[in-house]
Peer 1: 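One structure follows; several queries about it will come next.
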Number of protein chains: 2
Amino acid sequence: MKISTKGDYGVRALIELALHEGEGPVQRADIAHRRQIPESYLDHLLAQLRRDGFIRSTRGPGGGHELARPPAEICLLHVLESLEGSLAPLGCLSDDPADDAHDPLCGQQWVWREIFDEMRRRLAAISLADLTERERERERAERVMAAAPHYKI
Amino acid sequence: MKISTKGDYGVRALIELALHEGEGPVQRADIAHRRQIPESYLDHLLAQLRRDGFIRSTRGPGGGHELARPPAEICLLHVLESLEGSLAPLGCLSDDPADDAHDPLCGQQWVWREIFDEMRRRLAAISLADLTERERERERAERVMAAAPHYKI
DNA sequence: AGATTGTCGAGCGATTTAGTCAGCATTGTA
DNA sequence: TACAATGCTGACTAAATCGCTCGACAATCT
Ligand code: FES
Ligand code: FES
């Protein structure tokens with residue numbers, strides 16, 4: 001019942017791109033360093049995100065990666081589905097026809113369907129812009145803490 | 001992002017026990033047949049459920065398995081956690097200290113924490129009694145359909 | 001005693017995860 | 001034009017997990 005590192009890494013990488021939106025392309029190595037992602041693994045994640053139209057990449061010196069759309073228009077649901085495939089917690093809830101084999105007697109499907117729907121609803125409601133906003137807020141809070149240590153606890 | 005067959009099988013098995021609550025122990029082979037679960041695999045699931053106090057088993061002829069508590073007092077959350085371990089979708093949300101390694105910068109943790117909390121809340125609100133009630137209802141509906149075919153569609 | 005049931009642990013093949021690596025393609029710069 | 005910096009791709013792999021099977025054993029009923 002875990003989402004894999006792909007999803008987490010990928011979102012982290014996109015946040016990094018969103019934070020530098022409008023400052024030209026960010027390089028693979030920079031993303032990898034700042035977000036602690038194995039560089040050559042990140043390659044594959046970026047490739048997938050490119051295929052699905054979330055980012056645009058340019059080669060050559062000064063090249064790198066940047067968001068293909070404004071951060072506010074990229075939601076977590078689609079990003080995660082791109083990297084992880086269907087997020088359905090049970091095969092019988094997946095749209096993917098490769099998953100089949102549902103016990104027609106199984107009386108718990110409705111539970112999971114509700115949970116799954118709620119999950120998707122929430123993920124769809126959160127954009128990269130929301131995530132970067134959160135990060136910036138926390139960063140601000142930390143600066144305040146650092147500047148005025150007597151506030152602590 | 002899937003729950004494994006363990007969870008699904010296990011819940012199916014418990015539903016089967018709940019349906020026959022009060023009629024004496026149900027045998028492994030019966031559960032396996034009725035719910036389409038490999039018999040020798042089911043063994044391990046039942047063992048786990050026994051260890052965690054959900055069922056009681058008796059050996060010898062006429063033996064089998066039965067619920068250790070009333071169906072209304074067994075919730076889906078605990079059953080699934082017993083069979084699957086922590087349901088946390090990210091290592092950094094797990095109570096299990098074996099999972100660590102959280103990127104302190106990662107700005108998406110709060111999203112998943114909320115989803116996870118909601119999920120647990122829902123799973124905790126559903127008991128085996130609720131599930132059997134659902135199955136019985138559907139069965140009734142199906143009997144009506146069968147008796148009066150012209151109602152179809 | 002013998003049949004019937006559950007209990008336990010070892011082991012195993014397939015699949016998935018989480019990468020690595022080598023080599024090619026493209027582009028900017030000197 | 002050479003070359004360096006970057007991205008792109010696919011093949012490969014080690015380790016973990018999944019979904020079981022099997023065999024030996026223990027308890028209980030008749
Ligand atoms: S088989 Fe689909 S919910 Fe159990
Ligand atoms: S590392 Fe915990 S949410 Fe990303």
Side-chain angles (χ1 to χ4, degrees), chain A residues 1-10 12-13 17 24-33 35-52 54-66 68 80 83-87 89-91 94 96 98-99 101 103, chain B residues 1-10 12-13 17 24-33 35-52 54-66 68 80 83-87 89-91 94 96 98-99 101 103:
Chain A
M1 196 55 198
K2 294 255 189 300
I3 87 165
S4 73
T5 57
K6 276 185 198 167
D8 194 24
Y9 285 170
R12 290 197 221 170
L17 294 191
V26 184
Q27 284 145 26
R28 183 186 65 167
D30 290 351
I31 304 173
H33 270 125
R35 297 286 161 164
Q36 323 224 56
I37 306 170
E39 209 174 320
S40 36
Y41 192 37
L42 182 55
D43 255 8
H44 298 305
L45 310 181
L46 292 173
Q48 181 62 40
L49 292 171
R50 192 175 338 105
R51 262 177 251 128
D52 285 347
F54 296 105
I55 63 174
R56 204 182 316 122
S57 310
T58 42
R59 310 196 205 197
H65 311 268
E66 52 196 327
L80 287 171
L83 292 162
E84 302 262 348
S86 169
L87 263 38
L90 285 161
S94 174
D96 186 348
D99 303 305
D103 173 9
Chain B
M1 197 55 199
K2 295 255 189 300
I3 86 166
S4 73
T5 57
K6 276 185 199 167
D8 194 25
Y9 285 170
R12 290 197 221 169
L17 294 192
V26 183
Q27 283 146 26
R28 184 185 65 166
D30 289 350
I31 305 173
H33 271 125
R35 298 285 163 166
Q36 325 222 54
I37 306 171
E39 207 174 320
S40 36
Y41 192 38
L42 181 56
D43 252 9
H44 299 302
L45 309 180
L46 292 172
Q48 181 62 39
L49 292 171
R50 193 175 340 105
R51 259 177 253 127
D52 286 346
F54 295 106
I55 65 175
R56 203 182 318 120
S57 312
T58 42
R59 310 195 204 197
H65 311 269
E66 52 196 327
L80 287 171
L83 292 162
E84 301 263 347
S86 169
L87 263 38
L90 285 161
S94 173
D96 185 347
D99 302 304
D103 172 8

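Chain A is the first sequence line, chain B the second, and so forth, proteins listed ahead of strands; every chain is numbered from 1. Note that the structure is predicted; figures quoted are calculated from it, not measured.
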Peer 1: Could you state the CG-P distance from L90(A) to dC18(D), rounded to the nearest angstrom?
Peer 2: 14 Å
Peer 1: Rounded off to whole Å, could you give me the NE2-to-C1' distance for the H33(A) and dT6(D) pair?
Peer 2: 16 Å
Peer 1: Do L17(B) and F54(B) come close enough that some side-chain heavy atom pair is under 4.5 Å?
Peer 2: no
Peer 1: Within less than 4.0 Å of OP1 or OP2 of dA5(D), is there a side-chain N or O belonging to R59(A)?
Peer 2: no
Peer 1: Side chains of M1(A) and M1(B): closer than 4.5 Å at any heavy-atom pair?
Peer 2: yes
Peer 1: Heavy-atom distance under 4.5 Å between the side chains of H65(B) and V26(B), does that happen here?
Peer 2: no
Peer 1: In whole angstrom, give the distance that lies between atom CZ of R56(A) and atom C1' of dG7(D).
Peer 2: 15 Å
Peer 1: Whole angstroms only, please: what is the OH-P distance between Y9(A) and dG19(C)?
Peer 2: 4 Å
Peer 1: Please state how far atom CD1 in I3(A) lies from atom C1' in dT16(C), giving the value in whole angstrom units.
Peer 2: 16 Å
Peer 1: Taking CG from L45(A) and C1' from dC8(D), how many angstroms apart are they, rounded to a whole number?
Peer 2: 14 Å
Peer 1: Is any side-chain N or O of S4(A) closer than 4.0 Å to OP1 or OP2 of dA18(C)?
Peer 2: yes
Peer 1: For R12(A) and dA18(C), what is the distance between atoms CZ and P respectively, to the nearest whole Å?
Peer 2: 12 Å
Peer 1: When the distance from CG of L49(A) to C1' of dT9(D) is rounded to whole Å, what number comes out?
Peer 2: 16 Å
Peer 1: Name the nucleic acid region contacted by R28(B), choosing base, sugar-phosphate or nothing; use a 4.0 angstrom heavy-atom cut-off, strictly under.
Peer 2: base
Peer 1: From C-beta outward on P61(A), which listed nucleotide comes closest to its side chain: dT6(D), dT4(C), dA5(D)?
Peer 2: dA5(D)
Peer 1: Does a side-chain N or O of H44(B) approach OP1 or OP2 of dC20(D) to a distance below 4.0 Å, or not?
Peer 2: no
Peer 1: Just call it for T5(B): base, sugar-phosphate, or nothing, with non-hydrogen atoms closer than 4.0 Å on any strand.
Peer 2: sugar-phosphate
Peer 1: Under 4.0 Å between any heavy atoms, over every strand shown, what does S40(B) touch: base, sugar-phosphate, or nothing? Just pick one.
Peer 2: base
